[in-house]
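So you know, we letter chains A, B, ... as the sequences are listed, proteins then strands, and number each from 1. Side chains included, hydrogens not; waters and symmetry mates left out as well; all remaining heavy atoms used.
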There are 2 protein chains.
Amino acid sequence: MSDDGQTRAEKLASEIADAILDGTFEPGSRLDEHMLAARYGTSRTPVREALRQLAATGLIDLRPRRGAIVALVTSDQLEVLFVAMGELEATCARLSALSMTPIERRRLEVLQDAMGDLVAQNDVAAYTAANTSFHTLFYTGCHNPVISEMAIGLRRRLAPFRQAQFRAVGRLARSHAEHAVVVGAVLAGNASAAHAAMLRHVSLVEDAFEELRNVPA
Amino acid sequence: MSDDGQTRAEKLASEIADAILDGTFEPGSRLDEHMLAARYGTSRTPVREALRQLAATGLIDLRPRRGAIVALVTSDQLEVLFVAMGELEATCARLSALSMTPIERRRLEVLQDAMGDLVAQNDVAAYTAANTSFHTLFYTGCHNPVISEMAIGLRRRLAPFRQAQFRAVGRLARSHAEHAVVVGAVLAGNASAAHAAMLRHVSLVEDAFEELRNVPA
DNA sequence: CGGGGAAATCCTGCATGCAATTTTGCTAAA
DNA sequence: TTTAGCAAAATTGCATGCAGGATTTCCCCG
(Lines give C-alpha, C1' and ligand atoms only; values in the text may rest on other atoms or scores of the structure.)
Protein backbone atom coordinates (compact mmCIF):
# COMPACT_ATOMS: atom_id res chain seq x y z
CA MET A 1 0.00 0.00 0.00
CA SER A 2 1.09 3.59 -0.50
CA ASP A 3 -0.47 4.49 2.80
CA ASP A 4 2.06 6.41 4.87
CA GLY A 5 -0.09 6.69 7.92
CA GLN A 6 -1.78 9.60 6.26
CA THR A 7 -5.46 9.63 5.69
CA ARG A 8 -6.98 9.80 2.22
CA ALA A 9 -8.20 13.31 2.79
CA GLU A 10 -4.73 14.54 3.68
CA LYS A 11 -3.12 12.95 0.66
CA LEU A 12 -5.92 14.34 -1.48
CA ALA A 13 -5.36 17.82 -0.08
CA SER A 14 -1.70 17.55 -0.91
CA GLU A 15 -2.28 16.18 -4.41
CA ILE A 16 -4.95 18.71 -5.26
CA ALA A 17 -2.71 21.49 -3.98
CA ASP A 18 0.10 20.27 -6.22
CA ALA A 19 -2.28 20.09 -9.15
CA ILE A 20 -3.32 23.67 -8.54
CA LEU A 21 0.23 24.91 -8.10
CA ASP A 22 1.54 23.21 -11.22
CA GLY A 23 -1.30 24.63 -13.26
CA THR A 24 -3.34 21.48 -13.83
CA PHE A 25 -6.30 23.28 -12.32
CA GLU A 26 -6.35 26.86 -13.47
CA PRO A 27 -7.43 29.73 -11.23
CA GLY A 28 -11.16 30.24 -11.39
CA SER A 29 -11.91 26.74 -12.58
CA ARG A 30 -14.55 24.77 -10.74
CA LEU A 31 -13.42 21.86 -8.61
CA ASP A 32 -16.25 19.43 -9.04
CA GLU A 33 -16.45 16.91 -6.21
CA HIS A 34 -17.54 14.06 -8.47
CA MET A 35 -14.77 14.85 -10.91
CA LEU A 36 -12.12 14.95 -8.18
CA ALA A 37 -13.45 11.75 -6.63
CA ALA A 38 -13.28 9.96 -9.98
CA ARG A 39 -9.88 11.45 -10.81
CA TYR A 40 -8.28 10.26 -7.60
CA GLY A 41 -10.22 7.02 -7.32
CA THR A 42 -12.08 7.69 -4.11
CA SER A 43 -15.48 8.79 -2.92
CA ARG A 44 -16.69 12.32 -2.40
CA THR A 45 -16.34 12.24 1.38
CA PRO A 46 -12.54 12.53 1.62
CA VAL A 47 -12.62 14.96 -1.29
CA ARG A 48 -14.91 17.26 0.66
CA GLU A 49 -12.65 17.09 3.70
CA ALA A 50 -9.61 17.87 1.58
CA LEU A 51 -11.37 20.84 0.00
CA ARG A 52 -12.16 22.26 3.41
CA GLN A 53 -8.54 21.93 4.39
CA LEU A 54 -7.40 23.68 1.22
CA ALA A 55 -9.93 26.45 1.70
CA ALA A 56 -8.36 27.20 5.06
CA THR A 57 -5.02 27.81 3.36
CA GLY A 58 -6.60 30.20 0.88
CA LEU A 59 -5.66 28.12 -2.12
CA ILE A 60 -9.27 27.52 -3.08
CA ASP A 61 -12.46 29.45 -2.56
CA LEU A 62 -15.30 27.49 -1.00
CA ARG A 63 -18.72 29.02 -1.51
CA PRO A 64 -21.49 27.35 0.48
CA ARG A 65 -23.83 25.34 -1.72
CA ARG A 66 -22.06 26.65 -4.78
CA GLY A 67 -18.98 24.52 -4.94
CA ALA A 68 -15.27 25.21 -4.85
CA ILE A 69 -13.16 27.11 -7.33
CA VAL A 70 -9.43 27.58 -7.50
CA ALA A 71 -8.81 30.94 -5.86
CA LEU A 72 -8.22 33.52 -8.49
CA VAL A 73 -5.97 36.26 -7.28
CA THR A 74 -6.60 39.68 -8.68
CA SER A 75 -3.75 42.06 -9.19
CA ASP A 76 -4.71 43.82 -5.98
CA GLN A 77 -4.76 40.62 -3.98
CA LEU A 78 -1.42 39.67 -5.43
CA GLU A 79 0.00 42.93 -4.21
CA VAL A 80 -1.43 42.23 -0.76
CA LEU A 81 0.07 38.76 -0.75
CA PHE A 82 3.48 40.01 -1.79
CA VAL A 83 3.44 42.69 0.87
CA ALA A 84 2.40 40.16 3.48
CA MET A 85 5.15 37.76 2.48
CA GLY A 86 7.69 40.53 2.51
CA GLU A 87 6.70 41.57 6.00
CA LEU A 88 6.81 38.00 7.26
CA GLU A 89 10.19 37.31 5.70
CA ALA A 90 11.48 40.53 7.20
CA THR A 91 10.12 39.45 10.55
CA CYS A 92 11.88 36.10 10.19
CA ALA A 93 15.12 37.94 9.51
CA ARG A 94 14.53 40.19 12.51
CA LEU A 95 13.96 37.25 14.83
CA SER A 96 16.84 35.35 13.27
CA ALA A 97 19.17 38.21 14.13
CA LEU A 98 18.02 37.87 17.72
CA SER A 99 17.86 34.14 18.14
CA MET A 100 19.96 32.23 15.61
CA THR A 101 22.38 29.83 17.22
CA PRO A 102 26.09 30.09 16.43
CA ILE A 103 25.75 27.00 14.24
CA GLU A 104 22.90 28.54 12.29
CA ARG A 105 24.84 31.76 11.84
CA ARG A 106 27.78 29.76 10.56
CA ARG A 107 25.56 27.90 8.08
CA LEU A 108 24.24 31.21 6.84
CA GLU A 109 27.76 32.51 6.33
CA VAL A 110 28.82 29.36 4.48
CA LEU A 111 25.80 29.42 2.19
CA GLN A 112 26.31 33.08 1.41
CA ASP A 113 29.91 32.36 0.36
CA ALA A 114 28.85 29.40 -1.75
CA MET A 115 26.23 31.50 -3.48
CA GLY A 116 28.92 34.00 -4.32
CA ASP A 117 30.66 31.29 -6.34
CA LEU A 118 27.40 30.47 -8.11
CA VAL A 119 27.05 34.13 -9.08
CA ALA A 120 30.58 34.09 -10.48
CA GLN A 121 29.71 31.03 -12.55
CA ASN A 122 26.34 32.57 -13.48
CA ASP A 123 24.67 29.26 -12.59
CA VAL A 124 21.05 30.37 -12.46
CA ALA A 125 19.57 26.95 -11.67
CA ALA A 126 21.90 26.27 -8.77
CA TYR A 127 21.47 29.80 -7.47
CA THR A 128 17.71 29.44 -7.56
CA ALA A 129 17.93 26.25 -5.52
CA ALA A 130 20.39 27.83 -3.10
CA ASN A 131 18.08 30.84 -2.80
CA THR A 132 15.36 28.56 -1.45
CA SER A 133 17.83 27.19 1.09
CA PHE A 134 18.80 30.73 1.99
CA HIS A 135 15.28 31.72 2.87
CA THR A 136 14.65 28.39 4.58
CA LEU A 137 17.54 29.17 6.92
CA PHE A 138 15.59 32.17 8.18
CA TYR A 139 12.42 30.14 8.58
CA THR A 140 14.18 27.75 10.90
CA GLY A 141 16.47 30.43 12.30
CA CYS A 142 13.68 32.59 13.64
CA HIS A 143 12.79 29.73 16.02
CA ASN A 144 9.12 30.51 15.72
CA PRO A 145 7.17 27.79 13.88
CA VAL A 146 4.00 29.87 13.93
CA ILE A 147 5.57 32.67 11.93
CA SER A 148 7.66 30.41 9.73
CA GLU A 149 4.65 28.31 8.76
CA MET A 150 2.74 31.42 7.81
CA ALA A 151 5.65 32.53 5.68
CA ILE A 152 6.03 29.11 4.08
CA GLY A 153 2.33 29.02 3.28
CA LEU A 154 2.50 32.41 1.62
CA ARG A 155 5.60 31.42 -0.31
CA ARG A 156 3.77 28.37 -1.61
CA ARG A 157 0.79 30.42 -2.67
CA LEU A 158 2.98 32.87 -4.48
CA ALA A 159 5.23 30.26 -6.09
CA PRO A 160 3.38 30.30 -9.44
CA PHE A 161 4.00 34.02 -9.75
CA ARG A 162 7.71 33.95 -8.98
CA GLN A 163 9.01 31.63 -11.65
CA ALA A 164 11.15 33.98 -13.66
CA GLN A 165 12.70 36.11 -11.00
CA PHE A 166 16.36 35.43 -11.85
CA ARG A 167 16.07 35.58 -15.61
CA ALA A 168 16.87 39.25 -15.98
CA VAL A 169 20.55 40.03 -16.48
CA GLY A 170 22.42 41.03 -13.38
CA ARG A 171 19.68 39.75 -11.07
CA LEU A 172 21.96 37.15 -9.58
CA ALA A 173 24.64 39.60 -8.55
CA ARG A 174 22.08 42.05 -7.27
CA SER A 175 20.28 39.38 -5.27
CA HIS A 176 23.56 38.24 -3.78
CA ALA A 177 24.49 41.78 -2.83
CA GLU A 178 21.15 42.23 -1.09
CA HIS A 179 21.64 38.92 0.69
CA ALA A 180 24.99 40.17 1.91
CA VAL A 181 23.36 43.11 3.66
CA VAL A 182 20.84 40.81 5.33
CA VAL A 183 23.51 38.34 6.40
CA GLY A 184 25.69 41.10 7.75
CA ALA A 185 22.89 42.48 9.88
CA VAL A 186 21.88 39.07 11.18
CA LEU A 187 25.43 38.07 12.05
CA ALA A 188 25.86 41.40 13.80
CA GLY A 189 22.68 40.73 15.76
CA ASN A 190 21.18 43.96 14.46
CA ALA A 191 17.48 43.13 14.41
CA SER A 192 16.09 46.28 12.87
CA ALA A 193 18.76 46.34 10.18
CA ALA A 194 18.02 42.71 9.33
CA HIS A 195 14.35 43.53 9.09
CA ALA A 196 14.95 46.49 6.81
CA ALA A 197 17.42 44.66 4.61
CA MET A 198 15.21 41.63 4.09
CA LEU A 199 12.20 43.82 3.45
CA ARG A 200 14.12 45.73 0.84
CA HIS A 201 15.34 42.50 -0.73
CA VAL A 202 11.95 40.88 -1.12
CA SER A 203 10.40 44.16 -2.24
CA LEU A 204 12.90 44.30 -5.05
CA VAL A 205 12.02 40.74 -6.00
CA GLU A 206 8.43 41.87 -6.15
CA ASP A 207 9.42 44.76 -8.37
CA ALA A 208 11.20 42.32 -10.68
CA PHE A 209 7.99 40.37 -10.87
CA GLU A 210 6.04 43.50 -11.71
CA GLU A 211 8.45 44.33 -14.51
CA LEU A 212 8.05 40.90 -16.06
CA ARG A 213 4.34 41.07 -15.60
CA ASN A 214 3.79 44.43 -17.18
CA VAL A 215 5.69 43.49 -20.30
CA PRO A 216 3.37 41.96 -22.90
CA ALA A 217 4.22 38.31 -23.43
CA MET B 1 -34.52 28.86 10.45
CA SER B 2 -31.23 29.95 11.96
CA ASP B 3 -29.54 29.19 8.68
CA ASP B 4 -27.67 32.29 7.57
CA GLY B 5 -26.54 30.88 4.29
CA GLN B 6 -23.81 29.14 6.19
CA THR B 7 -23.41 25.43 6.01
CA ARG B 8 -23.75 23.18 9.05
CA ALA B 9 -20.05 22.45 9.06
CA GLU B 10 -19.18 26.13 9.23
CA LYS B 11 -21.56 26.83 12.05
CA LEU B 12 -20.25 23.77 13.84
CA ALA B 13 -16.69 24.97 13.42
CA SER B 14 -17.68 28.30 14.90
CA GLU B 15 -19.61 26.79 17.79
CA ILE B 16 -16.94 24.26 18.63
CA ALA B 17 -14.33 27.01 18.50
CA ASP B 18 -16.39 29.07 20.92
CA ALA B 19 -16.80 26.07 23.19
CA ILE B 20 -13.06 25.57 23.21
CA LEU B 21 -12.31 29.24 23.79
CA ASP B 22 -14.77 29.62 26.65
CA GLY B 23 -13.38 26.53 28.33
CA THR B 24 -16.24 24.12 27.73
CA PHE B 25 -13.75 21.79 26.10
CA GLU B 26 -10.51 21.83 28.03
CA PRO B 27 -7.13 21.60 26.33
CA GLY B 28 -6.08 18.02 25.84
CA SER B 29 -9.59 16.62 26.04
CA ARG B 30 -10.74 14.30 23.30
CA LEU B 31 -13.30 15.59 20.83
CA ASP B 32 -15.33 12.50 20.09
CA GLU B 33 -17.15 12.73 16.78
CA HIS B 34 -20.22 10.87 18.04
CA MET B 35 -20.35 13.07 21.11
CA LEU B 36 -20.10 16.26 19.10
CA ALA B 37 -22.67 15.04 16.61
CA ALA B 38 -25.10 14.23 19.41
CA ARG B 39 -24.34 17.47 21.24
CA TYR B 40 -25.09 19.64 18.24
CA GLY B 41 -27.87 17.49 16.85
CA THR B 42 -26.32 16.52 13.55
CA SER B 43 -24.48 13.63 12.00
CA ARG B 44 -20.79 12.92 12.06
CA THR B 45 -20.13 14.13 8.52
CA PRO B 46 -20.37 17.89 9.12
CA VAL B 47 -18.60 17.38 12.44
CA ARG B 48 -15.65 15.85 10.66
CA GLU B 49 -15.52 18.71 8.19
CA ALA B 50 -15.65 21.25 10.99
CA LEU B 51 -12.85 19.48 12.82
CA ARG B 52 -10.66 19.64 9.75
CA GLN B 53 -11.32 23.35 9.47
CA LEU B 54 -10.43 23.88 13.12
CA ALA B 55 -7.29 21.82 12.78
CA ALA B 56 -6.13 24.20 10.07
CA THR B 57 -6.39 27.10 12.50
CA GLY B 58 -4.33 25.25 15.09
CA LEU B 59 -7.11 25.25 17.66
CA ILE B 60 -7.33 21.48 17.71
CA ASP B 61 -4.88 18.70 17.00
CA LEU B 62 -6.05 16.11 14.50
CA ARG B 63 -4.17 12.84 14.61
CA PRO B 64 -4.99 10.41 11.80
CA ARG B 65 -7.06 7.47 12.99
CA ARG B 66 -6.63 8.62 16.56
CA GLY B 67 -9.17 11.35 16.81
CA ALA B 68 -9.03 15.03 17.64
CA ILE B 69 -8.00 16.69 20.87
CA VAL B 70 -8.15 20.31 21.89
CA ALA B 71 -4.67 21.63 21.23
CA LEU B 72 -2.82 21.88 24.46
CA VAL B 73 -0.33 24.67 24.38
CA THR B 74 2.79 24.15 26.37
CA SER B 75 4.50 27.07 27.99
CA ASP B 76 7.01 27.09 25.14
CA GLN B 77 4.32 27.14 22.49
CA LEU B 78 2.57 29.92 24.32
CA GLU B 79 5.75 31.95 24.22
CA VAL B 80 5.99 31.29 20.48
CA LEU B 81 2.40 32.35 19.95
CA PHE B 82 2.85 35.55 21.93
CA VAL B 83 5.98 36.44 20.02
CA ALA B 84 4.24 35.76 16.73
CA MET B 85 1.28 37.91 17.67
CA GLY B 86 3.56 40.68 18.83
CA GLU B 87 5.43 40.66 15.55
CA LEU B 88 2.22 40.67 13.55
CA GLU B 89 0.71 43.49 15.55
CA ALA B 90 3.90 45.45 15.15
CA THR B 91 3.77 44.80 11.42
CA CYS B 92 0.20 46.06 11.36
CA ALA B 93 1.31 49.22 13.09
CA ARG B 94 4.18 49.61 10.64
CA LEU B 95 1.91 49.28 7.64
CA SER B 96 -0.68 51.50 9.26
CA ALA B 97 1.88 54.26 9.59
CA LEU B 98 2.46 53.95 5.86
CA SER B 99 -1.03 53.51 4.56
CA MET B 100 -3.71 54.72 6.95
CA THR B 101 -6.09 57.18 5.36
CA PRO B 102 -6.58 60.60 6.96
CA ILE B 103 -9.96 59.43 8.22
CA GLU B 104 -8.43 56.36 9.84
CA ARG B 105 -5.73 58.49 11.44
CA ARG B 106 -8.37 60.81 12.78
CA ARG B 107 -10.32 57.88 14.25
CA LEU B 108 -7.17 56.66 15.93
CA GLU B 109 -6.57 60.09 17.45
CA VAL B 110 -10.16 60.34 18.68
CA LEU B 111 -10.12 56.89 20.24
CA GLN B 112 -6.82 57.57 21.95
CA ASP B 113 -8.29 60.73 23.52
CA ALA B 114 -11.42 58.90 24.61
CA MET B 115 -9.34 56.18 26.21
CA GLY B 116 -7.52 58.84 28.16
CA ASP B 117 -10.82 59.75 29.80
CA LEU B 118 -11.46 56.10 30.62
CA VAL B 119 -8.08 55.92 32.33
CA ALA B 120 -8.96 58.99 34.38
CA GLN B 121 -12.20 57.34 35.44
CA ASN B 122 -10.36 54.03 36.00
CA ASP B 123 -13.12 52.27 34.04
CA VAL B 124 -11.46 48.92 33.41
CA ALA B 125 -14.37 47.33 31.56
CA ALA B 126 -14.79 50.19 29.14
CA TYR B 127 -11.05 50.47 28.66
CA THR B 128 -10.81 46.77 27.86
CA ALA B 129 -13.51 47.13 25.21
CA ALA B 130 -11.88 50.24 23.79
CA ASN B 131 -8.56 48.41 23.73
CA THR B 132 -10.05 45.88 21.38
CA SER B 133 -11.24 48.70 19.15
CA PHE B 134 -7.79 50.22 19.32
CA HIS B 135 -6.10 47.13 17.97
CA THR B 136 -8.85 46.58 15.44
CA LEU B 137 -8.07 50.01 13.99
CA PHE B 138 -4.62 48.74 13.10
CA TYR B 139 -5.97 45.57 11.60
CA THR B 140 -8.09 47.54 9.17
CA GLY B 141 -5.59 50.38 8.95
CA CYS B 142 -2.78 48.22 7.59
CA HIS B 143 -4.91 47.61 4.51
CA ASN B 144 -3.65 44.07 4.21
CA PRO B 145 -6.32 41.47 4.92
CA VAL B 146 -3.81 38.63 4.72
CA ILE B 147 -1.77 39.98 7.59
CA SER B 148 -4.72 41.24 9.58
CA GLU B 149 -6.47 37.88 9.40
CA MET B 150 -3.37 36.15 10.65
CA ALA B 151 -3.19 38.59 13.54
CA ILE B 152 -6.87 38.19 14.33
CA GLY B 153 -6.55 34.42 14.29
CA LEU B 154 -3.64 34.57 16.71
CA ARG B 155 -5.47 37.01 18.95
CA ARG B 156 -8.40 34.61 19.10
CA ARG B 157 -6.17 31.70 19.97
CA LEU B 158 -4.50 33.66 22.72
CA ALA B 159 -7.68 35.17 24.09
CA PRO B 160 -8.04 32.60 26.91
CA PHE B 161 -4.61 33.53 28.21
CA ARG B 162 -5.12 37.29 28.20
CA GLN B 163 -8.14 37.69 30.40
CA ALA B 164 -6.65 39.47 33.34
CA GLN B 165 -4.27 41.85 31.67
CA PHE B 166 -5.69 45.10 33.05
CA ARG B 167 -6.25 43.92 36.61
CA ALA B 168 -2.91 45.01 37.96
CA VAL B 169 -2.82 48.49 39.38
CA GLY B 170 -1.54 51.17 37.06
CA ARG B 171 -1.90 48.93 34.00
CA LEU B 172 -4.45 51.21 32.46
CA ALA B 173 -2.30 54.31 32.61
CA ARG B 174 0.72 52.40 31.44
CA SER B 175 -1.16 50.86 28.54
CA HIS B 176 -2.46 54.25 27.54
CA ALA B 177 1.00 55.76 27.66
CA GLU B 178 2.32 53.01 25.42
CA HIS B 179 -0.58 53.54 23.05
CA ALA B 180 0.34 57.20 22.88
CA VAL B 181 3.79 56.35 21.57
CA VAL B 182 2.33 54.08 18.93
CA VAL B 183 -0.27 56.62 17.88
CA GLY B 184 2.32 59.35 17.70
CA ALA B 185 4.54 57.29 15.40
CA VAL B 186 1.67 56.26 13.16
CA LEU B 187 0.33 59.78 12.83
CA ALA B 188 3.83 60.99 12.04
CA GLY B 189 4.09 58.30 9.36
CA ASN B 190 7.17 56.88 11.06
CA ALA B 191 6.95 53.20 10.13
CA SER B 192 9.89 51.83 12.06
CA ALA B 193 8.98 53.79 15.17
CA ALA B 194 5.42 52.49 14.97
CA HIS B 195 6.74 48.97 14.65
CA ALA B 196 9.04 49.34 17.63
CA ALA B 197 6.42 51.01 19.80
CA MET B 198 3.75 48.42 19.12
CA LEU B 199 6.21 45.60 19.63
CA ARG B 200 7.19 47.06 22.96
CA HIS B 201 3.57 47.51 23.93
CA VAL B 202 2.47 43.95 23.24
CA SER B 203 5.64 42.55 24.75
CA LEU B 204 4.82 44.32 27.96
CA VAL B 205 1.33 42.87 27.83
CA GLU B 206 2.95 39.49 27.53
CA ASP B 207 5.14 40.24 30.52
CA ALA B 208 2.03 41.16 32.48
CA PHE B 209 0.60 37.80 31.55
CA GLU B 210 3.74 36.06 32.68
CA GLU B 211 3.57 37.80 36.03
CA LEU B 212 0.02 36.70 36.59
CA ARG B 213 0.85 33.22 35.45
CA ASN B 214 3.83 32.69 37.69
CA VAL B 215 1.95 33.71 40.79
CA PRO B 216 0.24 30.72 42.41
CA ALA B 217 -3.51 31.09 42.18
C1' DC C 1 -35.04 37.34 -33.08
C1' DG C 2 -34.41 38.38 -28.18
C1' DG C 3 -35.91 38.00 -23.30
C1' DG C 4 -38.20 35.97 -19.35
C1' DG C 5 -39.71 32.10 -16.83
C1' DA C 6 -40.39 27.32 -15.63
C1' DA C 7 -38.85 22.73 -15.54
C1' DA C 8 -35.26 19.51 -15.61
C1' DT C 9 -30.70 18.43 -14.46
C1' DC C 10 -26.79 18.81 -11.89
C1' DC C 11 -24.36 19.53 -7.72
C1' DT C 12 -23.72 20.13 -2.97
C1' DG C 13 -24.91 19.05 1.94
C1' DC C 14 -25.95 15.64 5.05
C1' DA C 15 -27.21 11.05 7.11
C1' DT C 16 -26.32 6.31 7.50
C1' DG C 17 -23.76 2.01 7.28
C1' DC C 18 -19.71 -0.85 6.99
C1' DA C 19 -14.78 -1.94 7.32
C1' DA C 20 -10.37 -1.23 9.54
C1' DT C 21 -7.62 0.26 13.21
C1' DT C 22 -6.93 1.77 17.70
C1' DT C 23 -7.87 1.40 22.44
C1' DT C 24 -9.32 -0.88 26.47
C1' DG C 25 -10.13 -4.41 29.63
C1' DC C 26 -9.39 -9.01 31.15
C1' DT C 27 -6.69 -13.06 31.92
C1' DA C 28 -2.68 -15.41 33.01
C1' DA C 29 2.05 -15.98 34.05
C1' DA C 30 6.42 -14.41 36.06
C1' DT D 1 2.06 -7.21 42.26
C1' DT D 2 3.30 -6.27 37.77
C1' DT D 3 3.47 -7.19 32.95
C1' DA D 4 2.62 -9.44 28.61
C1' DG D 5 -0.84 -10.96 25.48
C1' DC D 6 -5.26 -11.42 23.52
C1' DA D 7 -9.94 -10.39 22.68
C1' DA D 8 -13.82 -7.30 22.63
C1' DA D 9 -15.50 -2.78 22.26
C1' DA D 10 -15.20 1.64 20.56
C1' DT D 11 -13.89 5.00 17.25
C1' DT D 12 -12.27 6.71 13.02
C1' DG D 13 -12.18 6.54 7.80
C1' DC D 14 -14.71 5.98 3.82
C1' DA D 15 -18.58 4.77 0.57
C1' DT D 16 -23.21 5.24 -0.71
C1' DG D 17 -27.80 7.20 -0.92
C1' DC D 18 -31.11 10.79 -0.58
C1' DA D 19 -32.90 15.62 -0.14
C1' DG D 20 -32.59 20.56 -1.10
C1' DG D 21 -30.80 24.33 -3.53
C1' DA D 22 -28.34 26.19 -7.75
C1' DT D 23 -27.60 26.18 -12.62
C1' DT D 24 -28.67 25.23 -17.06
C1' DT D 25 -31.75 24.52 -20.74
C1' DC D 26 -35.61 24.98 -23.30
C1' DC D 27 -39.94 26.79 -24.47
C1' DC D 28 -43.14 30.40 -24.88
C1' DC D 29 -44.22 35.10 -25.37
C1' DG D 30 -43.28 39.79 -26.75
Side-chain angles (χ1 to χ4, degrees), chain A residues 1-20 24-72 74, chain B residues 1-20 24-72 74:
Chain A
M1 285 287 211
S2 60
D3 197 323
D4 305 288
Q6 294 189 66
T7 179
R8 286 266 208 296
E10 284 178 52
K11 280 196 293 185
L12 273 177
S14 173
E15 293 184 42
I16 294 174
D18 289 344
I20 291 174
T24 303
F25 298 127
E26 289 180 13
S29 63
R30 286 182 57 92
L31 292 175
D32 187 83
E33 295 180 2
H34 289 282
M35 179 270 289
L36 291 173
R39 182 181 240 267
Y40 294 103
T42 168
S43 86
R44 283 177 48 226
T45 307
V47 169
R48 287 177 57 81
E49 292 176 7
L51 289 181
R52 232 157 233 292
Q53 196 168 325
L54 291 176
T57 74
L59 207 63
I60 71 173
D61 206 4
L62 206 49
R63 306 156 310 169
R65 293 234 163 235
R66 304 188 56 208
I69 63 171
V70 179
L72 32 83
T74 67
Chain B
M1 286 287 213
S2 60
D3 197 321
D4 303 291
Q6 294 188 65
T7 181
R8 286 265 209 299
E10 285 178 53
K11 280 195 293 184
L12 274 178
S14 173
E15 293 184 44
I16 295 173
D18 289 344
I20 291 174
T24 304
F25 298 126
E26 290 180 12
S29 64
R30 286 181 56 95
L31 293 175
D32 186 83
E33 294 179 2
H34 288 282
M35 180 270 290
L36 290 173
R39 181 181 241 266
Y40 294 103
T42 168
S43 86
R44 283 175 49 224
T45 307
V47 169
R48 288 177 57 80
E49 292 177 7
L51 289 181
R52 240 163 224 292
Q53 194 167 326
L54 292 175
T57 73
L59 207 63
I60 71 172
D61 206 5
L62 205 50
R63 305 153 315 167
R65 293 243 164 228
R66 304 188 56 209
I69 63 171
V70 179
L72 31 83
T74 67

Item to check | Near-strand residues of residues 37-51 of chain B, defined as heavy-atom separation under 4.0 angstrom from DNA chain D | outcome: B/R44, B/R48

For the residue pair [X] and [Y], what are the closest heavy atoms and their distance?
X: B/G58; Y: B/A71; value: O-CB, 3.5 Å
X: A/A9; Y: A/P46; value: CB-O, 3.7 Å
X: B/L12; Y: B/A50; value: CB-CB, 3.8 Å
X: B/F25; Y: B/L31; value: CG-CD2, 3.9 Å
X: B/P64; Y: B/L62; value: CD-O, 3.7 Å
X: B/L51; Y: B/A68; value: CD1-CB, 4.2 Å

Item to check | Pairs touching residues 36-46 of chain A that satisfy salt bridge (Lys or Arg N to Asp or Glu O under 4.0 Å), sequence neighbours left out | outcome: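 Qualifying pairs: A/E33-A/R44.
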
Give each protein N/O atom lying under 3.5 Å from an N/O atom of nucleotides 19-21 of chain C, with the pair distance.
none

Checklist entry - Whole-Å distance between C/dT12 C1' and A/L36 CG? => result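 After rounding, the reported distance stands at 13 Å.
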
Item to check | Interatomic distance, B/E33 CD vs C/dT22 P [rounded to whole Å] | outcome: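 That distance rounds to 15 Å.
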
Can you tell me how far the [atom1] atom of [X] sits from the [atom2] atom of [Y], to the nearest 0.5 Å?
X: B/R66; Y: B/R30; atom1: CZ; atom2: CZ; answer: 8.5 Å
X: B/R52; Y: B/I60; atom1: CZ; atom2: CD1; answer: 9.5 Å
X: A/L36; Y: A/E15; atom1: CG; atom2: CD; answer: 11.0 Å

Next on the checklist: Would you say that B/T45 contacts B/R8 through its side chain, given a criterion of any heavy-atom pair below 4.5 Å between the two side chains?
Outcome noted: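 Answer no - side chains too far apart.
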
Next on the checklist: Reading DNA chain D from 5' to 3', where do the contacts with chain A start and stop? Cut-off is 4.0 Å to heavy atoms.
Outcome noted: D/dG13 to D/dT23

Checklist entry - With a non-hydrogen cut-off below 4.0 angstrom, is A/R30 in contact with a base, only sugar-phosphate, or nothing? => result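 Sugar-phosphate: the residue A/R30, judged by heavy atoms under 4.0 Å, touches backbone atoms but no base.
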
Checklist outcome for this item: Under a 4.0 Å heavy-atom criterion, the protein footprint on nucleotides 5-10 of chain C, written with B, S and -, is ------

Checklist entry - Who are the side chain to side chain contact (heavy atoms under 4.5 Å, CB included) partners of A/T57, not counting sequence neighbours? => result A/L59

